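Here, residue 1 is the first one in the sequence, and each next residue gets the next number. This structure is a prediction, so every number in the text was calculated from the model and none was measured.
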Amino acid sequence: MGTKTWWSRTDSRFLEAALGLAAVLVGVFGVLLPALGVVGLRDGPMDSVEVEPDAAARIPEKVSAAVTGHGMTLTGTRRAELVFADPDLGQRLLLALPGVVGSLFLLLVLVLLFKVARTLSGGDIFVPANARRLSALGLTVLVQAVLTPVLPALTTEMLVRGSPMAEQVPFSVTFTGEHVLLAFLILALGEVFRRGTKLRADTEGLI
């Protein structure tokens, strides 16, 4: 028997619609359009990536001399932009990959949240399936926290490998703890849900 809450069925429908719309937008603008740009089916394919150049590379004259005839330009100082004049398929794929992977992770998060939101329609969110969904959500956020800074660094390294630009753009990864903390909080919440649903099931079995 479900537990009555202040949350109405209409509220659930609005939440489901908002999460569904967000998932569609992420799928279109974060996955589909970049993929079309990679294969050349959309105008204006991705041709640049933001990088953190070596300190010596912040001298414009040195940068210009290093990339002459290699189809690459580096503009900016602390957060510079590496631009490819005519990127080939492989380069476009590497340029788009970090954003597409990030969007896929976000899409998975939205799908899991959508499934959790659907249980609100019955007036009871404390069901065993939600404990598993929260655990999956926490693991997704944790993996994303690791891959988000690593993947752009790896793809940039592959883009500049074998060119003079490799000396100007060193391999650099910066980790932050916010998403890791959020992941562990979600995992802890999932464990609370799991224990709560088990305790309620045991209690109802005694009645």
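- Within the 3.5 Å criterion, the main-chain N or O of Leu112 finds no donor-acceptor partner in the side chain of Arg133.
- Atom OG of Ser135 sits about 9.0 Å away from atom CG of Leu189, to the nearest 0.5 Å.
- In the hydrophobic clustering of this structure, Val111 does not group with Val127; members are Ile, Leu, Val, Met, Phe, Trp, Tyr whose side-chain heavy atoms approach within less than 4.5 Å, directly or through other members.
- One finds the CG atom of Asp86 at 8.0 Å from the CZ atom of Arg92 (value rounded to the nearest 0.5 Å).
- Here the shortest heavy-atom pairing between Leu94 and Thr155 reads O-CB, 3.6 Å.
- One finds the CG atom of Leu182 at 9.5 Å from the CD atom of Gln144 (value rounded to the nearest 0.5 Å).
- Pairs of residues two or more places apart, or lying in two chains, that qualify as salt bridge (charged side-chain N to carboxylate O under 4.0 Å, His left out) and include a residue from residues 177-193 are Glu191-Arg194, Glu191-Arg195.
- The hydrophobic clustering, which links ILVMFWY residues whose side-chain heavy atoms are closer than 4.5 Å, places Leu19 and Leu106 together.
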Val38/Leu89 under side chain to side chain contact (heavy atoms under 4.5 Å, CB included): CA gap, chis, key distance, verdict: CA-CA 6 Å; Val38 168; Leu89 177 61; 3.8 Å; yes
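- Note that CZ of Phe105 and CG of Leu147 are 5.0 Å apart. Values are rounded to the nearest 0.5 Å.
- Residue Val83 comes nearest to Ser48 through the heavy atom pair CG2-CB, 3.9 Å, listed as atom of the first residue, atom of the second, then distance.
- To the nearest 0.5 Å, atom CG of residue Leu25 and atom CG of residue Leu107 are 11.0 Å apart.
- By the side chain to side chain contact (heavy atoms under 4.5 Å, CB included) test, Glu16 pairs with Ser12, Arg13, Phe114, Ala117, Arg118, Ser121, sequence neighbours left out.
- Smallest separation of non-hydrogen atoms from Val146 and Val150: O-CG2, 3.2 Å.
- Atom CZ of Phe175 has more than 12 neighbouring heavy atoms from other residues, nucleotides or ligands inside a 6.0 Å radius.
- Looking at every heavy atom in both residues, Pro149 comes nearest to Thr174 through CB-O, 3.3 Å.
- Leu104 is not connected to Phe29 by any chain of hydrophobic side-chain contacts under 4.5 Å among Ile, Leu, Val, Met, Phe, Trp and Tyr, and they are in different clusters.
- In the hydrophobic cluster analysis, where Ile, Leu, Val, Met, Phe, Trp and Tyr join through side-chain heavy atoms closer than 4.5 angstrom, Ile186 is grouped together with Leu15.
- Here the CG atom belonging to Leu181 is positioned 11.5 Å from the CG atom belonging to Leu142, to the nearest 0.5 angstrom.
- In terms of heavy-atom proximity, Pro34 sits nearest to Val100 at CB-CG2, 3.8 Å.
- The two residues Leu134 and Gly190 make their nearest non-hydrogen contact at CB-CA, 3.7 Å.
- Not one N or O on the side chain of Thr148 forms a donor-acceptor pair closer than 3.5 Å with the backbone of Ala145.
- Under a 3.5 Å cut-off, the side chain of Thr156 and the backbone N or O of Ala153 do not form any donor-acceptor pair.
- Residues Met158 and Val49 fall within the same hydrophobic cluster, defined by Ile, Leu, Val, Met, Phe, Trp and Tyr side chains chained together at heavy-atom separations under 4.5 Å.
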